[in-house]
Structure formats: structure tokens, C-alpha cells
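Below, chain A is the first sequence line, B the second, and so on; all start at residue 1.
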4 protein chains.
Amino acid sequence: MSWNTFGRVFRFTTWGESHGPALGAVVDGCPPGLALNEAAIQPFLDARRPGQSKFTTQRQEADRVKILSGVFEGRTTGTPISLMIENTDQRSKDYSEIANAYRPGHADYAYDAKYGFRDYRGGGRSSARETAARVAAGAVARLAIPEVTIQAYVVQIGADAIDRARVDLATIADNPFFCPDPTAAVRWEALVDEARLAGSSLGAVVECVATGVPAGWGAPVYAKLDADLAAAMMGINAAKGVEIGDGFGAAALRGEDNADAMRAGDNGPEFAANHAGGVAGGISTGQPVVCRVAFKPTSSILTPVDTITREGANTQVRTKGRHDPCVGIRGAPVVEAMMALVLADHKLLHRAQCG
Amino acid sequence: MSWNTFGRVFRFTTWGESHGPALGAVVDGCPPGLALNEAAIQPFLDARRPGQSKFTTQRQEADRVKILSGVFEGRTTGTPISLMIENTDQRSKDYSEIANAYRPGHADYAYDAKYGFRDYRGGGRSSARETAARVAAGAVARLAIPEVTIQAYVVQIGADAIDRARVDLATIADNPFFCPDPTAAVRWEALVDEARLAGSSLGAVVECVATGVPAGWGAPVYAKLDADLAAAMMGINAAKGVEIGDGFGAAALRGEDNADAMRAGDNGPEFAANHAGGVAGGISTGQPVVCRVAFKPTSSILTPVDTITREGANTQVRTKGRHDPCVGIRGAPVVEAMMALVLADHKLLHRAQCG
Amino acid sequence: MSWNTFGRVFRFTTWGESHGPALGAVVDGCPPGLALNEAAIQPFLDARRPGQSKFTTQRQEADRVKILSGVFEGRTTGTPISLMIENTDQRSKDYSEIANAYRPGHADYAYDAKYGFRDYRGGGRSSARETAARVAAGAVARLAIPEVTIQAYVVQIGADAIDRARVDLATIADNPFFCPDPTAAVRWEALVDEARLAGSSLGAVVECVATGVPAGWGAPVYAKLDADLAAAMMGINAAKGVEIGDGFGAAALRGEDNADAMRAGDNGPEFAANHAGGVAGGISTGQPVVCRVAFKPTSSILTPVDTITREGANTQVRTKGRHDPCVGIRGAPVVEAMMALVLADHKLLHRAQCG
Amino acid sequence: MSWNTFGRVFRFTTWGESHGPALGAVVDGCPPGLALNEAAIQPFLDARRPGQSKFTTQRQEADRVKILSGVFEGRTTGTPISLMIENTDQRSKDYSEIANAYRPGHADYAYDAKYGFRDYRGGGRSSARETAARVAAGAVARLAIPEVTIQAYVVQIGADAIDRARVDLATIADNPFFCPDPTAAVRWEALVDEARLAGSSLGAVVECVATGVPAGWGAPVYAKLDADLAAAMMGINAAKGVEIGDGFGAAALRGEDNADAMRAGDNGPEFAANHAGGVAGGISTGQPVVCRVAFKPTSSILTPVDTITREGANTQVRTKGRHDPCVGIRGAPVVEAMMALVLADHKLLHRAQCG
């Protein structure tokens, strides 16, 4: 696994910067014979696409994906699938101020410390635009795991969490927040709008559930399904925490309350609960795989913040460009993509070893 | 990275089961010329060693490490370092009952689903004894990053968290809980003892801080320092959640409250806060690297739990063997080891690319 | 290392088929700050480009490379460098016959056996056009190893070898064969022309020498510099053999004749010979790194050959499309590129471990 | 793939030095449920074991393998298999002279140049004793590919090659040279004995044939079966060349003579020849996989050779310790092991991607 590659046998490599001509992903190891064309990928990119409501960045990107290789007569050939998305709405002038001043919370200072200089336009490689490439790759991954259904949604914005009793997954697409609780969705309109107008930003928590994962995917000890999910999710821009199953809540439980008791069922075991989030010992149990990802508030805010220049002088910076008031919202399609990519990889890894 | 190997250039591979003759680690890619002998490793193994108080499993293992290769005249040669720890206190009879009944919360069912059968003695490969090998490897990793100091401690057992105002890191070694808050340590004695006597178990949260990490370690996008830490920590037995910096708490912050403002300092920038936990864009900022790991309560409990047999019949199981009432406590030295292993790897990766 | 990725820390992934819209490489792990633009890559692509003489395929490809990412203001940023070359002279009709009949010596049957079907246009992924992507990536690799000079040349076409006494490296560019022996170059004109007109093809041997490689690059035991070179070279289309130093000739030597005696020199040791080809124990010795690659005759020939159809019926096939009468000739720039890529990787690997 | 690890999904890591307490291999990714015990490995180690005739080193090593993990009730569990072989006949005094003087042809100088110092006893990590670990790992790999039969034999010692018309594979075990031509075996007795008594050494060529490999193993482009074989073989101590099929001989053929014509057969295609050595486009064709490996003469010779000391002064060195007069002979079991390891890996890789 190199710097910009993820996965073990189903692998993808992404490239591209916020303000370059294009970005893309090369998916390698995909099984042959899967039906694939651009139309199979585009809906997932559209779900992540910015500029669709006032609650996300106003950057207008069509995010049209092109398949450059690996598909012949509508089917994957088993060779690398090159996916490219052109950048069409770069406005380099928006970012001229940050060429010299480090934006706190952004990767500006860290990139300079590492590489000696950086592409400062829109954050360069550290921009969340990179996640478009993941979403495209994730759409391919889904084809490799048709037995699995993946659904991510936002369960908290700022300090305002959904009411689990009100969850109706069918309503997720009815609001601009990927929110499964219609009542919360109404509250979030005001909440996010207030932050947007104040030039502030909000954090969020995204939950993702994969159903249909058979028991047996994953591996000991350093290729655990949950460990790979943790890496996948923590590597998403702005992610600061990952939980599997009950996560941090499990720390407060007693052993007898955390046990997922088993009973004989018609189609394998039935579990009385799913505190484990579908993974035990790093291997799937057949229950839904459940994870949650915490996103910090968007670091780009209009409020001036103390910082320093490249030369080390004190200054202040505020980020005037277009940005998401709550980057976690558009994190939901990205979380889904990473879940698909991890599961596809582990499906293939499992059959490599176990036939 | 294969199933039982961790790392990119500073890599280690572990092997061994709970009840086999031995377990071990092979550390590859270690820089040459580092002073290393068994005495440099043993203290870390001793910190993790079971049977030192009534609050951990009573299995008696000396956990004496032997260096079988990679060291000549007291210094690492740059070739693989083979570390072996013999198992001396296996009692296979303790585990006879679980050969047939799956223990909920354990990997028993998942392993059988994956491999078709399993070494049921003490959990086999899924046993937390494997973490002894990590701790040994981690002791080697520390030698490769002398500029870094790593300290892990328990910040919560069950629902009882420390008071941050009372934290005194110097007191961690004064109690059997790696607890930095002396008042909490007193409470935890009663708390853990109650659970132990009740045949129950408790979860915990471990925090780990690495100071001295220079700015620039880590990498975009799928080799982020925090993503690798997430994988490292989530792969520890019983871990269910990982946070960097403010973690899930960051989701509830507004952008201006989450910004780590910078000011010019005598030795590089000074930060007004460390919400980011020392990582931005996947690259270290020079601030302390901070992560937290949630451990579920030990799944081995004396309370009978509903389960099924290998043949799919309903039954109940209770785990009579020796076990930790709170496995998170002994997680602290393991978390430290994984932190060291990730940082050593990223130090080497950084100089590979950036010289 | 996945299917279409090569390298350990300086890595590249290629994608694309002979008759797709484009092909490319993503170079990852490149050091930051190197001066790079398209003009630095193009000459190497031009050296490999087809259609420049009657001795190579008449397919006309400009092979213009575009840099899509990883470069800012003329310097590498340390992030992935995406290189793309558009295909402009595909003639799918040329290859219609081979959609059904397997061409002996080609990958047609093997691909079908593996994947169940294949992109038959021009050989799809198995086409030597893929090597254009390697050459582009290799041009980037050269920038990372400015201390090294790499030169490949053809030392044998068919059974006709150069006379080592006549070698003048300055004459390599004077003939269309990358031939360092002007007398042989004259003979080869007739030799290759005869094969071309007869609809036949010829094999070749390419030698490559890298000077300036310091002692210490490479590693035991499964990352040996020569082992990585062997993989790099054997993976080139039509390669069937690889030698380091004296290679197969060394098998016929006695120990005292094969020893590269050392004497004290002003700048490190001086060697009386270089039977070893600059590598001992998998690690460079400071002498020139020397390897040779055997290329089989182009499998595409006009002579009808017995074969079978996809349905398993007997038939004959002859390859009417455009092709190289001696694919080994254009192998020389590809061998150079692979040498550069292996050396750049090992330079970075060496400093990862040894600082 | 790290320095001391080989393979992609069926992977092994070796450790150990010539004069340390032990050496070993950790095999990871092995399919579960395979019958394995020490007796299944020992015969392969015995074939490679030194001291069995006057034609190999007189070092007496029992080379008894111990399985430390990964096997339960006689079957592989799918978890890492740790194999250990203790060193019993180290005589460190034999090697005292070479602590300071570099032996030409050996890795002494290169190791010092890389690491700054080295374990000089018996060559340390660069000793061919490491190949015992490969042979043990290869014995496990064979279990994963029961459909394949692997046979290696020596086809040339010094300049004396076998007569292919006399080959009788059944006679390989009848002589101490793994020689399939009984007439050559007689000649080689005198040949090797002369070199041994003269304190000299001889090179050799080993050929290896794997039958039963189905069509479809291998992959484009950087995971080609032949490229992986090339790396595997070139990484063996003293190897200087690798050929697949006709190898360098193919360079002298015309296209029509090199074509492996196909005819319909009862069980898939039948090939008129096997110039390709069973691999096309990096993927197996169903024909026998054939490779040859050139071994240089043993670098340890009694004849004094000019060299320098660690301090850079001129001196001479001769290697008085025990050594093989022709290290290529004992290379045959190692070549078999590497063939098995590559094929097992590719079998698993193939089913990962293609099911």
C-alpha cells in the first residue's frame, strides 16, 4: 500500500488536486465480467456533488466521470479501470490570500513542513475534492459485492442528534442532509443556515450500515475488517473519529450487556443484538456491519483566526472562498464508498485464502 | 500488507496462538546500528504482563523475550529481528467447553465461518496474548524514534471517567490501572473488584499522547498518519472506537472553536490549542499526537449467555477460564506499542520520500 | 504491490489498452521539489515511439504526454503524478480476425482462460503500447536519481551479436537499432529488412548499464536490487530472460575467474572486473549495474500458424496488422525506464532504512 | 512486500543468520484445512541439507524444522505458520579472518556500505543458509497447489551441460548432483572433485519444470507470473540469470520457429511446442512452466584474492571455512521451493480476482 493507494487485492489509487485539470482513480484487481459504464457510476457522484443546495459549497462541478480503460463492450475486463473527472469550476483567484498564510485546521502548514512547498490553490491534494475519486471507485466496488447493500446517513450535526425512534431510511433522500429523521432534518435547516450566514461551520456524525455481508470476511490480525474500515474512514477529509458497533458507548457497558447472544435460526444464527457492529475478531459475523464517523467542523470559516505566514510572522486569515458550512453532510456518500471499497477488498481476500 | 503484517517500511509480522508453544514477531526494515538487547524490550512486556494484580487475568506468563536474529554485538544489523516469547502457562483443559459452543462477543463463530474450524484453546490466534508480540515489536520501534516520548493511560473504566483537572502523569505507575488521576484510581479498585467478583466485566477508554513528533510525518491520502493510527488501534483486541484529538467531540464544535490558532514562536509555530490531536491533512503538525481507543468489556464472563453449538443447536455458555475483568487496562501498553510502530514507520517513510 | 503497480516506495501504476482512448501512469512517492514538465518526459517517449523507421511498426502515435497532477509551478509536489497519453491511431478493423482465433505466442488464449473474455483490439492490455506508460514514468524516476546515468542498447538481433571491440556508445543514436557497434548496425539493416519483407520476425538482446549507483542500494533478501531488476525486466512484453553481470556466462566460470578483486582507490575501492554486474548479496557495490534482457521474436507474423478458435475448433491465423519485425529494438528505451524506476525506488528505500 | 517478505497473498517472511541461534520463516495467507506436520516439510529440507556428500559443504546441520504456530490437530488453521530451524554447527572461529577483509564476490563490502557494519560470521544474513527457510516455506506452499508437480535438476556444471537426449528424470535422486543425465553425472563427479581439491569452485545451471499448472494463473502487467518467477529465482544466493522457456535462446529464433502452434485437444488445446515456457502475457497457458537459473561459482575459494580491509588497505583473502565447491547443486531444492511459493501465491491471487 503506497501513499495514494488503498486496498490489498481490490485496490485503487487516486490522483489530482483541487485546481488541476482533472482528478481520477485507477481501480485495480476488479473481477472481470461486471457490467460497467459511466451511468453506473454517475449517480453516486451526483449524490456527493457540490452546489445542489445552499447547505453545501457553491462550487459548481458537473463531476462527469469518464472511463478510460478496463472496460470492453460494457464489461470489466479484469485490467485496471481508469476513471477521470475533469475540474471545471476552479477559481484560483479565490485562494490567493492563503498562498502565504496558513489556515488553522487545514493541512497548509503540515504540507509545507513535509514537502517544503505546496499547491495552495484550494488546498491542492488535501482538498476534499479528492473524495470524488473515491466515490467513483466505490461505485465500481459495489458491483463486486452485489450481495451487500450499503446505506450511510447523518445522525448528528453540531450537537443536535437524530432521534433513533423516528428513523425512516426512506426519507434520507427527501432532505439535503442525508438525514433519516424527518424532524431532525427540519431543525438542521435552521441550524446549518445559521452557521452558514454567520460564516461559521459545524461538525457532524455519519453512520453507515452494510447489510448482506456474509460471515467470514476479514482476517486476523493486521487485516481485520474493522481495522481496515477504521483506516478507510479516518482517512476521509475532516474525519476525527471512527466507531464500530457500539464504539465508545461499549466502553461503558458491562460484559453481559454487551454480549450479542445467539440463537439457532433458519438461515444460520440469529443474534439478539448487534453491539459488535457485525465484526468479531476482525471477521464479519453475518450481522450488519455498522460504523460511525465523526467529522470536525469545516476548517474554512469567515471568522478571522490567528495564524502565521510561511515566513513565520504573525497574521490573521479568513477563508473567503466557497466552502461547505458542514463538510460532514457530503461525507455520507464518501463513507458509503469507502465501506464498499473495504468490503470488496475483503470479499476477494477471503476467497483468495479460503476458496 | 498481508494478514499478519503491519507497516509500510518499518514492518512487523506476528505469529502464534494462545496455547501454542510460543508466539513472536519478526521486525523488518529496522534501521541498523541501534543498541538492542532483551533487556531493552522486557520492561514493556512486563508492563503488559498478566497476573500482576487481582485486576488482571491470573494466567502466569513470564513473557521472557528472546532475540533470535537481526542483532550483532548488541546492535541492530538492519536485517529482520526475530522475537520469540514462549508460552508457559497454557491450561488447555480450561477451555474444553468452548470447543463446541460459540462464546458471544468472541471470534469463535466468525473464525469457524471463515476457516471451517479453529484452534479453540484460549481463543487461538484471536487471543489477546498476540498483543505481547506487538509490545515486543513496539519496544524495537521506540529505538528508531528516540525523539518521541509516548505515554498511554486509562481515562475511563466502565462509565467512570477521570477528572482531567486531577491528572498527574507521574502517578500512572502507582496504581494497577495505568490511571493518571489518583482519585479515580481509588474508585476503580472498587469498581473493577465488584465486576470481577460478579463474574462480569467492564469496558475502558485508553488515551495515548506522543510528544516530540516533528511536523511532516504522515502522507496523503491513504497513508495518513491518523488513518494508520486508526487501523493500528482498531486492530487491537476488543477495540471498538478510535479518536484523534477531539474526536467525536469535534463534531459538536463550531469551526471557530475547533481552530488551533497559530502564533510565531521561538522554535516554530506555537498553537493555542490542539483540537486536531497533532495531525492535519494526515501529516503531523509538531503538536503532540493524541488518540483515544475505546475497549469493550471483556467478552469472557461467568454469566451464562445464550448461544449455539457448532452444529447449530441452542445452548448456553459461560467462560470459566482465567480472564481480565477489564481488558482495556492492559490495553494501555499495547496502545503505546502501536503508536510507536506507526510513528517509526512514518518517520522512515518520510525520509524515504523527502530525504 | 498489486497487479498493475510496480515499486515499493517510489511506485507507479499503469492503465490503458492498445485501442482505448488513452493510457497512462500514476507515479506515487516521488520526492518533492524536482523540476518536471512535459518536455522533460517527451524525449524518452520519442525514443520509444513507433513509426520512425521502416524497422518498427508503422502505427503512427504522437505519444504526447500530459501531466494531470502532482506538479505545481514546474516542480513535483510529492503528491501523485498522473501522466496520460492519448491513443490516436487505433485501427480496430485491423484486428477483427483475431477476435475469434488465438494468436500463438500472444496472450490471447491466456487472457481468455483467466478472465473469460478479452479486449482483442490490438492485444488490449497485453499490447506493448503499455510500455509507453513505463517510459513516461521512468522519465520521472530519472529525476529522482540525478547521480545515475542509464544507457541501454541492443547487443544482438536474431543470432547476430555485436563485436564488443567495436562498441562506441556515441553511435547508438546514429542508427535505428540502438546499436553501439556501427558495423553490426549495417548488417542489421539487411537482417531486419529481410525478416520484415518475409513477414517474419526476429528476437534481440538488450543490455543496460547504470553508472553512478553508489554502494549500498538494495536489500536482503526478497528486495534484492537484482531480484527487483529481474522482475522489472521480465515483465516487459516479449522478455524471456534476464541476466545480471556475467549472467549465464558466470555458470561456466571457475571461482577465481569470477572474483571481482578489489584494490584501494582514491574514491573507495577499485574493482579489477565487474563479473557481478554491480550487485553483491542484492546490494549495489558502486560498480556499474549491468543487466541484459532477451526478447523473443515478435509473435505477430504474416506466416499462417496453426491455432484454435475460442470455441476450440482448429484454424490458422496470421497477423495482418502493423507490427514491429523485431520488438526488442524498441525494448531498449523500455529497459532504460525500468532500470530507472528500480533504482529510484531503491534509493528511497535505502534512505528510509539507513537515513 | 518488504525487505524480507516474498509474495502477494500467500506470503512468507524469513529471518535468521548463518551463525545465530536459529533461522525461520513465517508463512502467512496459507489456506486453512491443509494437512501439515513437520514430517511433510522435512524431506525437502533433507534434500537441501549440507554435508551429505563430499560435493557439498561439510557443515553438519540436522536442519530439523519445528512448527510453532498455525497448525491445529494436524491441519493449517489459516493463521501464520511459524517455522523454525535451529543452527547447530556454527563454528565462528572459522570466519575470524573475514571480519576485517572483504571477500570479493561476497556481500561483505556491500553490507558494510549499506549498514555501516555487519554480522561477519558465515556471511550473516547473506549466507545461503537462509535458503533453508525458503525450502521449509516452499514445502507448505506445495500443499496449497496439489494439482502441480515441481521438479528441478541441474543441467550444467561449469561448462559441462547435460545431453537432453539422455535425460531420465527418474535418475535425479541416484546421484549427488540432481542430475537427470546419468552420463553427465559421472563426468561431474570428476569435475566437481577436481575443483574441490583445487580449492576452486564451479557455477551451474538449474532447470525447473512445473506441470499441472492450469491456464489462467498470473496477471498483467507488474504481477506477471514470469516476472514474479524471475524475482524469486534471481533472489536466490549466487543466482545471476533467469530464463523462461527458451529464454536467451528465443532471441535467436525467427517468429515462425518460436510460435507454439495450437490444435484442438480432448482436454483443452494441445501445443506443438513450448518455447514460451508455459507463460504468455504473464499468464499461464496450461503448458508446463519452465525456467532456468544460472548460478555463479561459489565465491568462497581457497585461492587468495586481492581485496581491501574495512579500513581501505590492500590485502588478500582466502576463505578457509567449509563451503560448497558448486553452490548451484544445492540450488535445485531452493529453486523448486521458490517455484512452489510463486505458484501458490498466484493460484490464490487468481481466485481472489476471478473467483
Side-chain angles (χ1 to χ4, degrees), chain B residues 1-33 66-73 75-84 86-87 99 111-112 114-121 124-126 130 133 345, chain D residues 1-33 66-73 75-84 86-87 99 111-112 114-121 124-126 130 133 345:
Chain B
M1 227 181 291
S2 63
W3 287 272
N4 291 278
T5 298
F6 188 88
R8 297 166 188 273
V9 288
F10 187 107
R11 300 175 74 141
F12 69 103
T13 301
T14 71
W15 55 269
E17 286 91 35
S18 174
H19 283 56
L23 55 89
V26 181
V27 179
D28 199 6
C30 184
K66 290 183 191 170
I67 300 174
L68 298 177
S69 69
V71 176
F72 182 60
E73 297 182 343
R75 288 186 296 158
T76 59
T77 59
T79 61
I81 302 165
S82 179
L83 306 170
M84 186 169 72
E86 291 182 44
N87 288 324
Y111 266 60
D112 257 20
K114 182 173 194 72
Y115 299 118
F117 80 119
R118 72 188 195 280
D119 179 352
Y120 50 77
R121 300 166 303 162
R125 181 69 180 151
S126 71
E130 188 271 343
D345 192 27
Chain D
M1 227 181 289
S2 63
W3 288 272
N4 291 278
T5 298
F6 187 89
R8 297 164 189 274
V9 289
F10 188 106
R11 300 175 73 141
F12 70 103
T13 302
T14 72
W15 55 269
E17 286 92 35
S18 174
H19 282 55
L23 56 87
V26 181
V27 179
D28 199 7
C30 184
K66 290 182 191 170
I67 299 174
L68 298 178
S69 69
V71 176
F72 181 61
E73 297 183 342
R75 289 187 294 159
T76 59
T77 59
T79 61
I81 302 165
S82 179
L83 306 169
M84 185 169 72
E86 292 182 44
N87 288 325
Y111 266 60
D112 257 18
K114 182 174 193 73
Y115 300 118
F117 80 119
R118 72 187 195 281
D119 178 352
Y120 50 77
R121 300 166 303 160
R125 181 69 180 151
S126 70
E130 187 271 343
D345 192 27

If you tally heavy-atom pairs under 4.5 Å against chain B, which of D:R125, D:E73, D:R118 wins? D:R125
Between B:F117 and D:F72, which heavy-atom pair has the shortest distance, and what is it? CE1-O, 3.8 Å
State, to 0.1 Å, how close B:N4 and D:P80 come at their nearest heavy-atom pair, and which atoms those are. ND2-CD, 3.2 Å
With chain D, the option among B:G116, B:G124, B:G70 that has the most non-hydrogen atom pairs under 4.5 Å is B:G70
Looking only at heavy atoms, which two atoms of D:V26 and B:T13 are closest? And how far apart? CG1-CG2, 4.0 Å
Keeping D:E17 on the side-chain end and B:S69 on the backbone end, is there a donor-acceptor pair under 3.5 Å? no
Among all residues two or more places apart in sequence or in another chain, which pass the side-chain hydrogen bond (donor to acceptor under 3.5 Å, both in side chains) test with D:D119? D:R121
Distance check, rounded to the nearest 0.5 Å: D:T76 atom OG1 versus B:Y115 atom OH? 10.5 Å
If you round to the nearest 0.5 Å, how far is CG of B:L83 from CH2 of D:W15? 10.0 Å
Under a 4.5 Å cutoff for heavy-atom pairs, which residue among D:M84, D:K114, D:R75 has the most contacts with chain B? D:R75
4.5 Å side-chain heavy-atom contact, D:V9 and B:W3: yes
The reported gap from OH in B:Y120 to OG1 in D:T77 (rounded to nearest 0.5 angstrom) is 13.5 Å
